[in-house]
Amino acid sequence: MSTALVWLRNDLRLADNPALHAAAKNHQKVVALYVHEEAPGLRPIGAAARWWLHQSLESIARDLAEIGVTLEVHAGKPEAVLRAALKGHDAETVYWNRRYGPAERELDAGIKQALKSDGFSVESMPGNVLIEPWLIQTGQDKPYSVFTPFWKNLRTMDIAAPLPAPKGKSSRFRPVDADYEEPHWAGKLGQYWSIGETAAQERLTTFLDESVVDYPEGRDFPAKDVTSRLSPHLRFGEISPRQIWHTAQAFLHAHHSKAGPVDKFLSELAWRDFSYHQLYHRPNIAEIPMQEKYSSLRWRHAPAQLRAWEKGKTGIPIVDAGLRELWETGYMHNRVRMLVASFLTKNLLIDWREGERWFWDCLVDADEANNPASWQWVAGCGLDAAPYFRIFNPVTQGERFDGSGDFVRRWVPEIAALPDKFIHAPADAPQDILAKADIAIGSTYPRPIADLKQTRQRALDAYGAVSAQAAD
DNA sequence: TGGCGATTGGT
DNA sequence: CCAATCGCC
């Protein structure tokens, strides 16, 4: 009887899982493995994502048991784990779905070569993207560096249709990932999320049925609940981008609805692929600015301000609201991510890598493509990035996109009693209004840690110096 | 997927 | 004085 191993990584689902599908089709018995990897160059997973991963592993272990596949969770060097498993299960073939980070690719290629030279079969399959990064390129056969042509090309391509989940006779489930100790904040995050493949599919259905029509206009308003919130499910592959693509197209046809909103949503999904495109083609995007000239930008060393930013105590309400939402839920609304990142990199002139690291640790959806690529985008050093002179005014942005202050009041309750007029700039409120709202600036709520006008000019000067230097 | 100050043309 | 427009960063 032939046995195959499936090495699961960022693909914790049964449906549209090419590696699992091929293993089940070609072999009588399938054993699934997950490895908490210890390998040089691999970025250790952040704490919030690690929490999500634990839940997701338990979830897929249950689902796999339903089709008679056991999931084993190990820790260590993946090659050693795979060798031991191949021997222990008397298996001859390993399947996995590809990943795209430079370190991961090198690791996987080395394992593949080593196992093959020992007589095992290794099959790598399409990974957690719409299109493999090397299958889409410019007319000059180069990687894309601008999103719009990337998107125009991508939307004309055939995105692989999702594969069905394998079938099988159910077996007994037992918990996996037993060594994980839940952190004290696990219960807090747990209130906000429902984890696993079934939950991910339900989220997509709910989003399409209830929210996608309002997505293009509503997505910029953090108090509105019209974004998909699929990002952490995508991060761990509980749902694949190909499934989202095809489900969204089918929804469009079934409802004869206008293409605009669905199209807008899919273009955001394409941004995700664009990030993986960058991860694949560029060296170490979490550390190296993709626009070389920004290597010379002199970031400020300001640990106290960084700390205030992290903890949501900057004195700028919408910035604080976003960072507290992150701390509380492991997530932050997209518009607010842009605002807090702009405030850190431009107003505070603190290195984007500091912010990227904080997000990496706190976000349940942090992945090694989108988190660094998006930080570089805001900081101005990324591909197709925001121009350096685009500096958000977080007060103006708050008034525009959270005019009623609902988002701020939810996460910054100590200023909730302020009238709308001052909710985004408490320090500007007259003394009697502050007293009536029971607020003492500098005591119950911080005075802004940066003067927006002055720090804006400082950023323009610093960024301008980089551009001028590059023009020499 | 900006902000801001200056200008303009209207009160 | 005001909103709308424009050029620059």
Side-chain angles (χ1 to χ4, degrees), chain A residues 144-152 154 212 214-224 226-229 231 260-275 278 290-291 293-294 297-298 316-319 322 332-349 352 355-356 359 365 370-403 407 424-425 428 448 450-472:
Chain A
Y144 280 99
S145 54
V146 183
F147 174 73
T148 302
F150 174 86
W151 169 229
K152 278 186 178 164
L154 177 64
V212 74
D214 298 321
Y215 180 77
E217 291 74 31
R219 61 189 292 272
D220 277 326
F221 295 80
K224 290 188 181 174
V226 303
T227 59
S228 77
R229 301 177 77 89
S231 53
V262 170
D263 212 55
K264 179 64 184 167
F265 172 61
L266 291 179
S267 82
E268 296 300 321
L269 189 66
W271 267 102
R272 178 181 177 281
D273 255 51
F274 188 49
S275 294
Q278 296 166 44
M290 285 182 269
Q291 291 186 51
K293 64 180 177 185
Y294 286 103
L297 202 149
R298 300 281 303 202
I316 310 286
I318 200 156
V319 172
M332 198 192 304
H333 185 277
N334 177 257
R335 164 68 47 176
V336 187
R337 292 189 197 202
M338 294 195 289
L339 297 181
V340 305
S342 171
F343 184 73
L344 185 78
T345 58
K346 310 255 167 112
N347 294 103
L348 297 182
L349 210 59
W352 59 272
E356 196 275 344
F359 273 30
D365 64 29
N370 287 278
N371 196 49
S374 303
W375 270 95
Q376 291 211 37
W377 185 89
V378 176
C381 59
L383 297 188
D384 204 7
Y388 75 88
F389 50 80
R390 183 178 297 157
I391 300 170
F392 288 108
N393 180 324
V395 175
T396 309
Q397 288 279 311
E399 288 164 354
R400 188 175 305 163
F401 295 114
D402 188 39
F407 181 74
H424 291 290
D428 294 347
D451 177 84
L452 296 177
K453 184 179 157 81
Q454 186 255 317
T455 55
R456 175 178 188 275
Q457 191 53 50
R458 181 175 66 189
L460 286 171
D461 293 344
Y463 274 78
V466 166
S467 292
Q469 185 188 333
D472 284 344

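Side chains included, hydrogens not; waters and symmetry mates left out as well; all remaining heavy atoms used. Here is how names work: the chains are called A, B, and so on, in the same order as the sequence lines, proteins then strands, and each is numbered from 1.
Rounded to whole Å, the distance from NZ on Lys346(A) to C1' on dG2(B) is 10 Å. Between Leu452(A) atom CG and dC9(C) atom P there is a gap of 22 Å when expressed in whole angstrom units. Rounded to an integer number of Å, the gap from Trp377(A) CH2 to dG2(B) P is 6 Å. Counting to the nearest Å, the P atom of dT1(B) and the CZ atom of Phe392(A) are 10 Å from each other. Regarding Tyr388(A), its OH atom lies at a distance of 20 Å from the P atom of dT1(B), rounded to whole Å. The nearest whole Å value for the distance from the CG atom in Asn370(A) to the P atom in dT1(B) is 20 Å. Between Lys453(A) atom NZ and dC9(C) atom P the separation is 16 Å, expressed in whole Å. To the nearest angstrom, P of dC8(C) lies 18 Å from CD1 of Ile391(A).
Residues Gln397(A) and Asn393(A) bring no donor and acceptor atom of their side chains to less than 3.5 Å of each other.
Which of dG3(B), dG5(B), dT1(B) sits closest to the side chain of Arg219(A) comes down to dT1(B). Considering only the side chain of Asn393(A), dG3(B) comes nearest among dT1(B), dC9(C), dG3(B). Among the nucleotides dG3(B), dC9(C), dT1(B), the one closest to any side-chain atom of Arg335(A) is dT1(B). For Glu268(A), the listed nucleotide lying nearest its side chain is dT1(B); candidates were dC9(C), dG2(B), dT1(B).
Across all strands shown, Arg337(A) has no heavy atoms under 4.0 Å from either base or sugar-phosphate atoms.
A side-chain contact (heavy atoms from CB on, under 4.5 Å) with Phe343(A) holds for exactly one of Ile391(A), Thr455(A), Ile318(A), Leu452(A); it is Leu452(A).
Phosphate proximity of dG3(B) to Gln397(A): present, with a side-chain N or O under 4.0 Å from OP1 or OP2. In terms of phosphate contacts, Arg400(A) brings a side-chain nitrogen or oxygen within less than 4.0 Å of OP1 or OP2 of dG3(B).
More than 12 heavy atoms of other residues, nucleotides or ligands sit less than 6.0 Å from atom NZ of Lys293(A).
At distances below 3.5 Å, not a single donor-acceptor pair connects side-chain atoms of Ser342(A) with backbone N or O atoms of Met338(A).
Remark: Trp271(A) CH2 to Leu266(A) CG distance equals 15.5 Å, nearest 0.5 Å.
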